[in-house]
Structure formats: structure tokens, C-alpha cells
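The structure appears right after this line, and notes come after that.
Every chain is numbered from 1, with letters handed out A, B, ... down the list of sequences.
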Number of protein chains: 2
Amino acid sequence: MELSNIENLPLSPINDLIDRLNKAVSDKMIIIAGRCKAYFDGRIKSTLESGDRLLVIKKDLSIIMHGPEGVKPLNWQKPDAGPIHFSEKDSALEMFTRRKKTGETLTVMFEHIFTSMIWHALDETEIEIYGDESDLVKYLVKHPELIEEGFEVVRTEFQTKVGPVDIKGRSKGREVIVEVKKRNASPADAHQLKRYVEYFKDTEGKNIRAIMVAPDFPKNVQEYLEKNGMSIKKIPWSEIFPVIQRPKSSKLEDFFGNKKKEKNT
Amino acid sequence: MELSNIENLPLSPINDLIDRLNKAVSDKMIIIAGRCKAYFDGRIKSTLESGDRLLVIKKDLSIIMHGPEGVKPLNWQKPDAGPIHFSEKDSALEMFTRRKKTGETLTVMFEHIFTSMIWHALDETEIEIYGDESDLVKYLVKHPELIEEGFEVVRTEFQTKVGPVDIKGRSKGREVIVEVKKRNASPADAHQLKRYVEYFKDTEGKNIRAIMVAPDFPKNVQEYLEKNGMSIKKIPWSEIFPVIQRPKSSKLEDFFGNKKKEKNT
DNA sequence: TATTGTATTTCGCAT
DNA sequence: ATGCGAAGTACAATA
């Protein structure tokens, strides 16, 4: 992959900066570090008074604006929002966008710019993830005895009118549906499973068993499940599922020592 | 507020760069634009092959790494993760962090750095938000007739053992609890309300009415609610609630023309 | 600390 | 397009 290039834009004259930024929109990543106010108007209305923030506009027209703390941006706009426009307002830089379909607007008014860059960032990869719920289901399908001694898998990850079912099987002479949760079960999860049970009862007249699999169950949730004829099965994924075992050491080599590095220069 | 300053770090010699970065951790915002691989190991395991990404480390030790598209970071780490360490690996920069409590690790291996900056970003403000669910509840409390003709509010936003109740009132001679949703009601929302009803039945022996307020109800959800003795009330917030009305025009001045700007130089 | 619910959730998938 | 559920959800409020 060719080397991309990043360019520091001169901050003045401001009209030249505005030109360069407008030309970079939807082509390059724009990075501006500045002191600004910001207003969002749409599903909600938000007001952000003057402070230092990092504004990033990506080539898919998504926008994120970060303050000095936290993972979540202070303001953002989803991709393909609509035109993004830089202009001069009171001798300062202003960014404005309006999402066509919803009418949502985001306005960022800069008072001071520390740095402004455009970057033709290249990334042809996709993040690979192991250990999400779908992987846990696949693991259980290979080790059905973890669910219950004698459990036989019949179908996995199929759609019903009320939602997707993780595992349908047969055990102790009855049909069973299994709902798999990566994290501790919640009341909403319990209701979700109950709804599936009711669906099979209503549409197929079957009195089907239900098992919820999760690392742990708050007392309320366990009570609710059992009161409504459902079963629980605690599976501490981190101890059982090989991919998501917790690293015990802080040494990188212990986890990725088997990975081959490719030089790319 | 004093003007913060941003500093471009020399990219070589790499040991000097590493020193500067390690000294900046937990003090300044660190911004690195580079080509890198990344690995996360914890609740899941993720692998990210070589590509151009923007890495931001904030002074609260939160980390976000963005690729060229999308609002969501490719990798991240929540605040107060634990020590963040830069080092040299195969003549290149590497960042490593391990969250003490969970053992989650994030490793970023750079192959090329385009820009590296540290920034003493200042922000003493908090974002102000209008139009979230709590504001809708307050609006309904002032306009209870929107819920139902003759509705009288008794209590609002109070805690129960099963969760917070938005509005409790009296209407048509019976007690009513009202659950307010900003967005279309979901199956989980319906179950949530049912749980509250059951709570009042179990703990106070009251056969209380329940109304769910939302802009719209999918057919399944409406059926479930009515089948279980709950009522629905459609309220299209965007047409009614003044703060979140959709702007019809694309001209900035139409929305912010009334705002006074303060110079801050 | 654990539980619970909201979110401008975002994102992906299936209908 | 809408509905639905997962997410390394993040984050705040609460017990």
C-alpha cells in the first residue's frame, strides 16, 4: 500500500484555509484542533460553550468532535450526512452541516485554531473480532454438553417472527430453545426469552423448554426466569472459551508471540 | 481561559519521541496519525491489520483509534484504564496498555508515523442537552392532557425496586403509571412496563393501569401491550415538543441568528 | 461494587 | 425503509 500523506494547512489567510478545507471534504480526513463552540439541533438540541476540541471529518462525511476526556465524542454526525461547509463568520472559521433527511444540523464555531491538517488516510482492512455472541453460540454447538448433559442441537441462529433464536435443540425428551448471553443476564433478556417461548406456544402449540446461558444471573432475573418456567445455566466464558481468556501477564509476546509481523515500508 | 498550546513532536530519533510521549501520558492529549496494526484482547479479541489510523490518548487515559470511516472508533479504551506505555519495537513505535482490573490489553504497533502531537487542551464546559427523555417527561407533567383527558399527575421520576417510574398518576378513577419513550417503542420497552405493573401488583396488591407513550409502536409491540392490559399513546414529539422541532431550512441564520457570539481572544 | 436504563446510542442483519 | 438485537457498547444514576 502506498504511503499516504498528511498536510498541515496554513491558518491564514483564513479564506485560503476555508478553500482548502472545503476542497478536502469527502476526499480526505480533516483534523482540526481548536477552541470552539458547537451546536447540534435535531433529535435533541445541544449547546457546547467555548473549549478546546479535536474535530475530525472523515471522507464518508462522518464527523466526530472530541473534548479532553472520555471515549464518547461531544458531538458527532453519522456518515453520509449531507454537505459539510466551511465558511468565515466574524473573521473566524465555522463549520456547518445539515443532514438532508432529518434536518439535523451541527455547527462548530472556532475562536482559535491550533492546527489544521488534511490527510489522505488509507485503510483497506477490516477489523476481525473473535469472541462475540455468535462465536459463543458456535462454541456451544460444538460442546452442547456444556448446556446440559445429553443436549442435542437441532438448529442454530435462525429467524422467527419475534426475533432470532440462538440454539434450538432437544434434551430430556423435550424441545428446548437456548438463549446465549455474553454478559450477565438482564431483566430484558429474560423477557426476550419468555417471548420466544410464547411464540412457539402460540404458533406451533408447543410447550417448549427454555434455557438461558450467561456468565451470571442477578437474583431478580434468576427468580423471574424460574418463576416463568425457564432454566438458567451459568457459563463463565472467560474461563471456558479459549479465545477470550484473560491475559495473565502484561507482556505482549505472551499473547501475540505466535503472530508473524509483516514489514510494510 | 488561557490559550492552550499544541506541539508537534519530532519523529526521530525515535527514543526521544518515545520519551516525550511517555511524559505526556495522563497530562496532555496525544494525537498520532500513523500506519499501524492493533490488537485488543479482553472481553473479545480483535485484530486490525496495517492501515492508516488516528490515535488519540486523552489525559484521563482514555484511548480512541479511528480509521478513515465511521463514527465508532476501531479500538478504544475507557478512562482510567491503567498505565499507557510507549516503547520501541523493531525500530518502530509501539503503544501498549493493560487495564489492571480486567486484564484487557490494547497494543498498537506503528509502521509509519505521519504526525505526532501533544496538546494541553482545556475545556471547562459541560455539554447542555435539551430534549432527552427526562425533558419529555417534564413536558408531559406540564401538559398531562396529552397523555389522556383528565389525567392527573401524582408523582414523577421516582425509584422503585424494579427501576425508575417516569410518571405515576390518576385517571378515570384508577392509578396509572406512564412510561415515556423518545423513540418508537420496542419489545424490551413493553416488557419493562409490564414488569413495573407486576411490581405494583406484587408489592402493593394494586391492579394499576399502564400507558406507554412513544412516537410510534410497531405492530408486534402494540399487540403485546394491549394483550397484556396496557395502553398506548402515540405522541409525535418532533411535532409537539418545541425544543426538538426539526429545522425546515438549511440556512444557519434561521436557527442561530438570535445567538450572540462572544469573542474570546 | 453491581444493577439498571438512556443514548443524537452505532452498527449490522433480516424483513 | 423499518424492526430488532448485539455491542469490548459508553455513561450516569442508584442501591
Side-chain angles (χ1 to χ4, degrees), chain A residues 39-46 62-64 69-79 81 99 101-102 104-106 127 129-137 157-166 179-189 192 195-196 216-221 238 244, chain B residues 40-46 62-64 69-79 81 99 101-102 104-106 127 129-137 157-166 179-189 192 195-196 216-221 244:
Chain A
Y39 306 101
F40 174 79
D41 195 332
R43 284 163 281 179
I44 58 143
K45 180 179 264 184
S46 80
S62 56
I63 303 171
I64 49 178
E69 293 185 347
V71 167
K72 210 185 148 193
L74 292 165
N75 283 108
W76 67 92
Q77 181 90 268
K78 279 187 281 189
R99 179 175 280 259
K101 255 185 44 174
T102 61
E104 289 170 326
T105 63
L106 176 61
I127 193 163
I129 286 185
Y130 310 91
D132 59 12
E133 200 218 54
S134 139
D135 292 324
L136 302 184
V137 169
E157 294 191 301
F158 64 97
Q159 292 291 328
T160 71
K161 214 174 154 189
V162 284
V165 169
D166 289 335
E179 176 66 29
V180 178
K181 296 293 169 189
K182 192 158 64 76
R183 316 210 291 135
N184 292 1
S186 73
D189 298 333
Q192 183 195 355
R195 204 157 53 98
Y196 290 177
D216 206 359
F217 297 80
K219 208 165 61 119
N220 287 343
V221 177
S238 58
I244 57 173
Chain B
F40 174 80
D41 195 330
R43 285 164 282 180
I44 58 146
K45 179 179 265 186
S46 79
S62 57
I63 303 172
I64 49 179
E69 293 185 347
V71 167
K72 213 186 146 190
L74 292 165
N75 282 108
W76 67 94
Q77 183 87 267
K78 279 186 279 186
R99 180 174 281 262
K101 256 185 44 174
T102 61
E104 290 170 325
T105 63
L106 175 61
I127 193 162
I129 285 185
Y130 311 93
D132 60 12
E133 200 217 54
S134 136
D135 291 324
L136 301 183
V137 169
E157 294 190 301
F158 64 97
Q159 293 290 329
T160 71
K161 214 174 156 186
V162 285
V165 170
D166 289 334
E179 176 67 27
V180 178
K181 295 294 169 188
K182 192 157 64 77
R183 317 213 292 137
N184 291 1
S186 74
D189 297 333
Q192 184 194 356
R195 205 156 53 99
Y196 289 178
D216 205 359
F217 297 80
K219 206 164 62 115
N220 286 342
V221 176
I244 57 172

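- Backbone-only engagement by B/Pro79 is indicated by non-hydrogen atom pairs under 4.0 Å involving sugar-phosphate atoms exclusively.
- Within 4.0 Å of A/Lys78, counting heavy atoms only, lie sugar-phosphate atoms of the nucleic acid but no base atom.
- Regarding B/Phe217, its CZ atom lies at a distance of 13 Å from the P atom of D/dC4, rounded to whole Å.
- In this structure D/dA15 sits in a base pair with C/dT1, meeting the Watson-Crick or G-U test at under 3.5 Å.
- Following rounding to the nearest Å, B/Ile64 (CD1) and C/dT10 (P) show an atom-to-atom distance of 15 Å.
- Here B/Thr105 contributes atom OG1 and B/Gln77 contributes atom CD; the two are 8.5 Å apart, rounded to the nearest 0.5 Å.
- Side-chain proximity of A/Ile129 to the nucleotides C/dT1, C/dT4, D/dG8 is greatest for D/dG8.
- Both B/Lys161 and B/Glu133 sit near DNA chain C, but only B/Lys161 has its closest nucleotide nearer the 5' end.
- Residues B/Thr160 and B/Pro218 both approach DNA chain D. Their nearest nucleotides, taken by heavy-atom distance, put B/Pro218 toward the 5′ side.
- Distance CZ (A/Phe158) to P (D/dG5): 14 Å, rounded to an integer number of Å.
- The nearest whole Å value for the distance from the CG atom in B/Asp216 to the P atom in D/dC4 is 11 Å.
- Rounding to the nearest 0.5 Å gives a distance of 9.5 Å between CD1 of B/Ile44 and CD of B/Glu104.
- Across all strands shown, A/Asn75 has heavy atoms under 4.0 Å from base atoms, whether or not it also approaches the sugar-phosphate.
- Closest to the side chain of A/Val71, out of D/dG8, D/dA10, C/dT1, is D/dA10.
- Judged by closest nucleotide on DNA chain C, B/Gly70 is the one of A/Gln159 and B/Gly70 placed further toward the 5' end.
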Verdict with reasoning, A/Ile127 to B/Asn75, per side chain to side chain contact (heavy atoms under 4.5 Å, CB included): CA-CA 9 Å; A/Ile127 193 163; B/Asn75 282 108; 4.1 Å; yes

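- At the heavy-atom level, A/Leu74 lies under 4.0 Å from base atoms of the strands shown.
- Using atom C1' as the reference point in both D/dG5 and C/dA7, the two lie 16 Å apart (nearest Å).
- B/Glu179 comes within contact range of the sugar-phosphate backbone alone, with a heavy-atom separation under 4.0 Å but no base atom that close.
- Contact annotation: B/Trp76 side-chain N/O to D/dA10 OP1/OP2 distance is under 4.0 Å.
- Residue contacts for A/Arg99: at a heavy-atom cut-off of 4.0 Å it reaches no nucleic acid atom on any strand shown.
- A search for side chain to side chain contact (heavy atoms under 4.5 Å, CB included) contacts involving B/Lys181 returns B/Glu133, B/Glu179, B/Asp189, B/Gln192, B/Met212, B/Ala214, not counting sequence neighbours.
- Residue contacts for A/Glu69: at a heavy-atom cut-off of 4.0 Å it reaches no nucleic acid atom on any strand shown.
- Note on A/Tyr196: every side-chain N or O is 4.0 Å or more away from OP1 and OP2 of D/dC4.
- B/Asn220 contributes no side-chain N or O that forms a donor-acceptor pair with the base of D/dG3 under 3.5 Å.
- Protein atom CD1 of B/Ile44 is 11 Å distant from nucleotide atom C1' of D/dT9, rounded to whole Å.
- The phosphate of C/dT4 (OP1 or OP2) has no side-chain N or O of A/Arg183 nearer than 4.0 angstrom.
- Remark: A/Ser46 OG to A/Leu106 CG distance equals 7.5 Å, nearest 0.5 Å.
- Contact annotation for B/Gln192: backbone-only contact, meaning every heavy-atom pair under 4.0 Å involves sugar-phosphate atoms and none involves a base.
- Heavy atoms of B/Lys181 sit under 4.0 angstrom from primed sugar atoms or phosphate atoms, though from no base atom.
- One distance of note links OG of A/Ser134 with CD1 of A/Ile129; it measures 11.0 Å at 0.5 Å rounding.
- Minimum atom distance to the side chain of A/Lys72 is reached by D/dC11, of the listed C/dC11, D/dC11, D/dG3.
- On the P atoms, D/dC4 is 22 Å away from C/dT8, given to the nearest whole Å.
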